A.B. asks: 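One structure is given below, represented as structure tokens, and several questions about it will come after.
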Amino acid sequence: MKAVLVNNQQAQQKFLNIVEKLYKADKAYIRPLDQDVEKVFDTKHNPFFKHGQCVRWILVDDKNKTIGRIAAFVNEKKAYGYEVATGGVGFFECINDQTAANLLFDTAKQWLSERGMKAMEGPINFGENDSFWGLLVEGFIPASYGMNYHLPYYHNLFKTYGFETAYEQITNIIDLTIPFPARFTKIANWVAAKPGYTFKHFEKSKAEKYINDLMEIYNDGWKDFENFVPIKKETLQESFKQMEVIMDENLIWFAYIDNEPASFIVLIPDANQMITGFNGKLGLLQKLKFAYRRWRGVKRMRAIVMGTKQAYQKHGLESALFIKLGEYVLPKNQYTELELSWVGDFNDKMLAIHEATGAKFAKKHLTLRKML
């Protein structure tokens, strides 16, 4: 076996296509779009290259068949916020062979060590943590758009190599065919009616205003979390640009107190229900199917991010935002479930909100860590 650097189109295709063989018998697996994976490694599309670097490899056997892959990256803005300099590994795929997995991990480890890293986390993304982040260990159901799906034996490959759990990522699901709990609804309606409290949904024509508001809220609300790195406007602009094809303005809501941005929630229709069977491709035929499914076949939404300024985190704004969403979503009779993904086990406040809505456990991912 040997690790081969991905530095040409042939290796790039092998990096993408290995999932065909690995997940062939897994009916729950939905292959991510190739273009979404490639954007992570494209210096023109991924703003993280402005303060970081990234590389990837495939693993081939003695018959030159691809049997694994891995990527490694250093985010200069985040690497030195830990006790020791920490890099990342991600996009790991491998046959059920510890020797093969070890070679992939060793290859990434050497590259990270050469760049001064003393630890590595994975599987994570060279980007924001709303996509391609964490190792799935519970809840092997069809993934929502951007969420990692893995084979069950991957956990053992990581553990045997020496990775340990840094934190758990919990995903819960709200059954939209069942009303919200009475207490939750009563509190939410009371909050929504307070003087000076206003609620507005996103408008593409005013995108810059709402992106600025989201950035202000997010950077205030999350600033005290360990290893927090403020989100940049250009990163949000790129994210909204990528969401545009599936975005529904009425699924993105903001709360204001006396006109000050205070809280927000961003939901998207689950694009994975639109790309099922596409095998990573998005040609003309797939685009036609995508457009049809966009309006007819999507039953699940995914909450990709929410946040509240610290000064307003006990004001019940999140509850009111869910009620505002319900006023739009429920009469449509289209969506049957809302996935709340993902929340770190360290985020007690957000987990409490999930519980209050009546959400039920769906799956668990792990972010793993290994000292080099």
Side-chain angles (χ1 to χ4, degrees), residues 15-41 56 58 66-71 88-96 100-101 104 121-159 163 165 167-173 242 246 268-282 286 290 293 297-304 337-344 360-368:
F15 183 92
L16 294 169
N17 292 336
I18 185 177
V19 295
E20 285 186 29
K21 175 183 176 182
L22 290 173
Y23 294 93
K24 187 176 182 179
D26 194 327
K27 294 181 179 180
Y29 179 71
I30 301 172
R31 177 172 171 172
L33 291 176
D34 292 349
Q35 66 181 36
D36 290 341
V37 176
E38 284 305 302
K39 282 178 182 177
V40 175
F41 303 98
R56 52 180 165 161
I58 55 173
T66 309
I67 57 174
R69 76 181 192 191
I70 199 167
V89 295
F91 297 90
F92 173 87
E93 304 286 355
C94 190
I95 61 172
N96 192 4
L104 285 168
E121 282 194 344
I124 65 174
N125 184 25
F126 188 48
E128 295 297 336
N129 62 14
D130 61 346
S131 60
F132 302 125
W133 200 287
L135 179 72
L136 181 66
V137 294
E138 287 185 45
F140 293 89
I141 59 177
S144 58
Y145 184 69
M147 294 289 283
N148 274 342
Y149 183 94
H150 295 113
L151 293 162
Y153 66 80
Y154 281 18
H155 191 196
N156 191 58
L157 295 179
F158 274 84
K159 285 197 303 181
F163 280 91
T165 301
Y167 55 88
E168 298 180 351
Q169 303 156 225
I170 307 301
T171 295
N172 295 312
I173 288 182
Q242 292 180 18
I246 58 172
I268 56 172
D270 181 14
N272 266 14
Q273 295 190 349
M274 305 177 213
I275 66 172
T276 300
F278 286 10
N279 198 30
K281 308 301 185 285
L282 195 60
Q286 288 88 356
F290 185 96
R293 293 172 178 174
V298 179
K299 300 297 182 183
R300 179 169 63 188
M301 300 177 292
R302 178 189 171 204
I304 56 174
E337 63 180 30
L338 168 58
E339 182 176 285
L340 305 175
S341 57
W342 53 264
V343 177
K360 304 298 183 183
F361 174 82
K363 50 194 169 184
K364 180 192 293 184
H365 291 76
L366 302 179
T367 295
L368 302 160

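Everything numeric here is computed off the predicted structure, so don't read it as measured data.
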A.B. asks: Main chain of C94, side chain of Y154: is a donor-acceptor contact present, judged purely on distance under 3.5 Å?
C.D. replies: yes
A.B. asks: Between Q286 and I275, is there a side-chain heavy-atom distance shorter than 4.5 Å?
C.D. replies: no
A.B. asks: On a heavy-atom basis, which atom in F91 and which in A71 lie closest, and how many Å separate them?
C.D. replies: CD1-CB, 4.3 Å
A.B. asks: Look at the side chain of N148 and the backbone N and O of L135, then say whether any donor-acceptor pair between them is shorter than 3.5 Å.
C.D. replies: no
A.B. asks: Cationic tip of R56 within the cone over F41's six-membered ring, i.e. under 6.0 Å and within 45° of the normal?
C.D. replies: yes
A.B. asks: Below 30° counts as parallel, above 60° as perpendicular, anything between as tilted: where do the rings of F92 and F158 land?
C.D. replies: perpendicular
A.B. asks: Please round to the nearest 0.5 Å and tell me the distance separating atom CG of N172 and atom OG of S341.
C.D. replies: 9.5 Å
A.B. asks: Closest heavy-atom contact between A303 and L338?
C.D. replies: N-CD1, 3.9 Å
A.B. asks: Hey, what do you get for OH (Y145) to CG (D36), rounding to the nearest 0.5 Å?
C.D. replies: 3.5 Å
A.B. asks: How long is the straight-line distance from CG of L33 back to CD of E38, given to the nearest 0.5 Å?
C.D. replies: 12.0 Å
A.B. asks: Between Q273 and K299, is there a donor-acceptor pair closer than 3.5 Å when you use the side chain of the first and the backbone of the second?
C.D. replies: yes
A.B. asks: Looking at every heavy atom in both D130 and I304, which two are closest together, and how far apart are they?
C.D. replies: CB-O, 4.2 Å
A.B. asks: Within this structure, what is the NZ-CD1 distance for the pair K21 and I95, rounded to the nearest 0.5 Å?
C.D. replies: 6.5 Å
A.B. asks: Which atom names give the shortest non-hydrogen contact between F15 and I18, and what distance separates them?
C.D. replies: O-CG2, 3.4 Å
A.B. asks: Can you check side-chain hydrogen bond (donor to acceptor under 3.5 Å, both in side chains) on R69 and N17, steps first, answer last?
C.D. replies: CA-CA 10 Å; R69 76 181 192 191; N17 292 336; over 6 Å; no
A.B. asks: Please find the pair of heavy atoms, one from G134 and one from H150, that lie closest to each other, and give the distance.
C.D. replies: O-CE1, 3.1 Å
A.B. asks: What's the spacing between I170 CD1 and K363 NZ if we round to 0.5 Å?
C.D. replies: 12.0 Å
A.B. asks: According to the interplanar angle, ranging from 0 to 90°, do the rings of Y149 and Y29 count as parallel (below 30°), tilted (30 to 60°) or perpendicular (above 60°)?
C.D. replies: tilted
A.B. asks: Taking A143's backbone N and O only, do any of them form a donor-acceptor pair with N272's side chain (distance below 3.5 Å, no angle check)?
C.D. replies: yes
A.B. asks: Would you give the length of the straight line joining atom CZ of R302 to atom CG of D270, rounded to the nearest 0.5 angstrom?
C.D. replies: 8.5 Å
A.B. asks: Is the side chain of W133 donor-acceptor paired with the backbone N or O of H365 at a distance under 3.5 Å, no angle test?
C.D. replies: no
A.B. asks: Can you check whether K281's main-chain N or O pairs, donor with acceptor, with D34's side chain at less than 3.5 Å?
C.D. replies: no
A.B. asks: Using atom types as modelled and distance alone, determine if a side-chain donor or acceptor of R300 lies under 3.5 Å from a backbone N or O of E339.
C.D. replies: no
A.B. asks: Could you tell me whether a side-chain N or O of R293 sits under 3.5 Å from a main-chain N or O of T276, the two making a donor and an acceptor?
C.D. replies: yes
A.B. asks: I would like to know whether M147 and T171 meet side-chain contact (heavy atoms from CB on, under 4.5 Å); could you show each step before the answer?
C.D. replies: CA-CA 10 Å; M147 294 289 283; T171 295; 3.6 Å; yes
A.B. asks: If you apply the rule side-chain contact (heavy atoms from CB on, under 4.5 Å), what do you find for L368 with T165, and how did you get there?
C.D. replies: CA-CA 4 Å; L368 302 160; T165 301; 3.7 Å; yes
A.B. asks: Locate the shortest heavy-atom distance separating V37 from P32; write the atom from each residue and the value.
C.D. replies: CG2-CB, 4.2 Å
